[in-house]
Amino acid sequence: MASSKASRLGEDRRTRMDKVNAELVVLTYGTIVAQLCKDFDSDYVEVNKQLDKMGYNIGMRLIEDYLAKSNTVRRCSSFRETAEMIAKVGFKIFLNITPAITNWTSDGKQFSLVFDENPFADFVELPDDGRAQDELWYSNIMCGVLRGALEMVQMQVEAHFVSDVLRGNDTTEMRISLIRYIDDELPPEDD
Amino acid sequence: MSYYFAIIGTQDNPLFEYEFGTSKQGGDGQARFSEQARHLNQFVLHSSLDIVEEVQWTNGQLYLKVIDKFFNNYISCFMTGGNVKFLLLHQPTATAAGATRNSTSVGANPTSPQTEEAIKNFFNEVYENYIKAIMSPFHKVNMEIRSPVFRQRVAAAGRKYL
């Protein structure tokens with residue numbers, strides 16, 4: 001019930017948004033990744049880190065845009081609901097995809113997003129230097145975005161990719177784990 | 001019928017090459033070039049680049065059909081909008097060239113409309129896949145195409161049309 005509501009909400013908000021040519025996005029993002037690979041001399045571990053950092057900075061600001069556009073001022077009642085909103089509203093609005101939510105752990109703190117399609121990865125073939133296939137997470141910026149966005153709504157999460165079709169895996173899967181809800185912390189007292 | 005296909009960059013530098021044989025008329029898709037001919041093929045193919053320059057402005061088409069002939073080697077050319085050349089050397093097997101009864105079959109008669117059409121289809125399919133290959137962010141202009149996926153797709157196009 002809540003799930004289909006979220007889908008409708010995502011679809012509805014998306015149609016109201018201005019859209020941009022998908023190839024522009026693909027090429028721009030591709031250029032960023034390729035340039036990072038060049039700048040860091042194909043140190044893919046570092047490239048992953050940089051992408052995550054870029055995403056984090058995007059996410060911290062994007063959450064405001066998301067809240068404004070989705071008109072959901074209400075807090076999610078559970079992490080499960082958060083997951084629904086991320087997949088069915090967030091991804092729908094910004095990338096027009098709806099990743100599937102699977103593999104919940106029993107404590108409800110970890111889940112996977114499985115991407116049937118990844119708009120960033122069109123045309124992409126990882127460099128065939130024998131390392132990129134094992135080290136580079138091409139779409140790692142998304143992990144950062146989620147981490148940044150959720151942090152701004154008092155959720156500290158850890159997100160990373162566990163498989164990617166670009167690497168030859170069957171699916172593209174991102175694992176997200178809730179570390180803790182961030183309590184409003186009082187500023188250190190002025191003595 | 002044996003084929004040697006090459007993509008030549010804007011600086012007349014080779015980007016990709018692939019050898020295959022016909023899959024029509026019970027062909028097994030294997031090239032039947034002699035060891036000597038294989039080296040000669042590259043030479044013959046590149047020497048026709050001069051002809052490409054001569055004919056490329058004569059009509060507005062991307063597909064230039066057979067532009068050059070060297071003994072039993074025919075060179076078909078397709079120019080992309082970005083001045084990258086697709087060249088296909090086709091060499092009818094001696095028996096096929098001599099036999100007139102199946103002259104309409106693709107391969108037996110390299111300048112027949114059927115053959116031209118088949119090669120055109122082949123080029124068009126390769127062109128589509130070429131665009132996808134060069135759209136990869138890790139690809140640079142005039143860089144050798146190493147993608148195994150692209151090679152597979154060229155092979156598939158060869159099997160399908162030639």
Side-chain angles (χ1 to χ4, degrees), chain A residues 20-48 50-52 54-55 95 117-142 161 164-170 172, chain B residues 4-11 13-20 42 62 78-88 121-161:
Chain A
V20 64
N21 186 307
E23 284 186 11
L24 176 70
V25 177
V26 173
L27 290 180
T28 313
Y29 183 69
T31 310
I32 291 173
V33 179
Q35 187 65 40
L36 282 174
C37 291
K38 200 174 151 213
D39 289 352
F40 290 99
D41 261 341
S42 298
D43 179 352
Y44 298 118
V45 177
E46 187 59 32
V47 172
N48 290 341
Q50 291 296 325
L51 284 172
D52 184 82
M54 287 160 91
L95 292 174
E117 46 176 344
N118 178 355
F120 288 152
D122 283 350
F123 312 120
V124 177
E125 280 182 51
L126 297 181
D128 57 352
D129 55 5
R131 290 186 302 118
Q133 299 272 341
D134 302 320
E135 293 172 14
L136 180 63
W137 292 114
Y138 184 81
S139 310
N140 214 35
I141 200 164
M142 287 192 211
F161 276 99
D164 190 341
V165 284
L166 291 178
R167 290 184 172 200
N169 303 126
D170 293 333
T172 303
Chain B
Y4 170 67
F5 173 68
I7 298 180
I8 313 292
T10 56
Q11 312 291 323
N13 51 329
L15 305 181
F16 178 84
E17 58 174 4
Y18 180 64
E19 248 177 35
F20 61 104
Q42 302 186 335
L62 296 177
F78 181 97
M79 297 265 309
T80 70
N83 201 22
V84 172
K85 274 85 70 179
F86 294 180
L87 294 176
L88 181 74
N121 289 335
F122 169 75
F123 277 148
N124 278 330
E125 186 153 324
V126 172
Y127 187 33
E128 253 173 58
N129 292 313
Y130 168 77
I131 291 169
K132 284 184 189 145
I134 61 166
M135 284 283 271
S136 172
F138 298 102
H139 191 273
K140 293 185 195 65
V141 177
N142 280 331
M143 193 177 88
E144 183 193 345
I145 302 173
R146 292 213 200 91
S147 156
V149 178
F150 180 71
R151 187 167 287 274
Q152 275 166 22
R153 286 177 177 161
V154 172
R159 270 199 306 280
K160 194 161 148 197
Y161 296 111

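To find a chain, count down the sequence lines: A is the first, B the second, and so on, and within it residues start at 1.
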*Take A/Asp128 and B/Phe138, measure what side-chain contact (heavy atoms from CB on, under 4.5 Å) needs, and give me the verdict at the end.*
CA-CA 10 Å; A/Asp128 57 352; B/Phe138 298 102; over 6 Å; no
*asked:* With chain A as the partner, which of B/Ile131, B/Val149, B/Ile134 has the greatest number of non-hydrogen pairs under 4.5 Å?
replied: B/Val149
_Any donor-acceptor N or O pair under 3.5 Å, side chains B/Ser147, A/Glu125_ = yes
*Could you have a look at A/Gly30, A/Cys37, A/Pro127, A/Ala34 and say which one has the most heavy-atom pairs with chain B under 4.5 angstrom?*
A/Pro127
*asked:* Working to the nearest 0.5 angstrom, can you tell me the gap between B/Ser136 OG and A/Asp122 CG?
replied: 11.0 Å
What part of [X] gets closer than 4.5 Å to chain B, counting heavy atoms only: side chain, backbone, both or neither?
X	result
A/Gln35	neither
A/Tyr138	side chain
A/Leu126	both

*asked:* With a 6.0 Å cut-off (strictly less than), is the heavy-atom count around CG of A/Asp170, excluding the residue itself, greater than 12?
replied: no
*Flag side-chain contact, heavy atom, 4.5 Å: A/Val33 against B/Pro137*: no
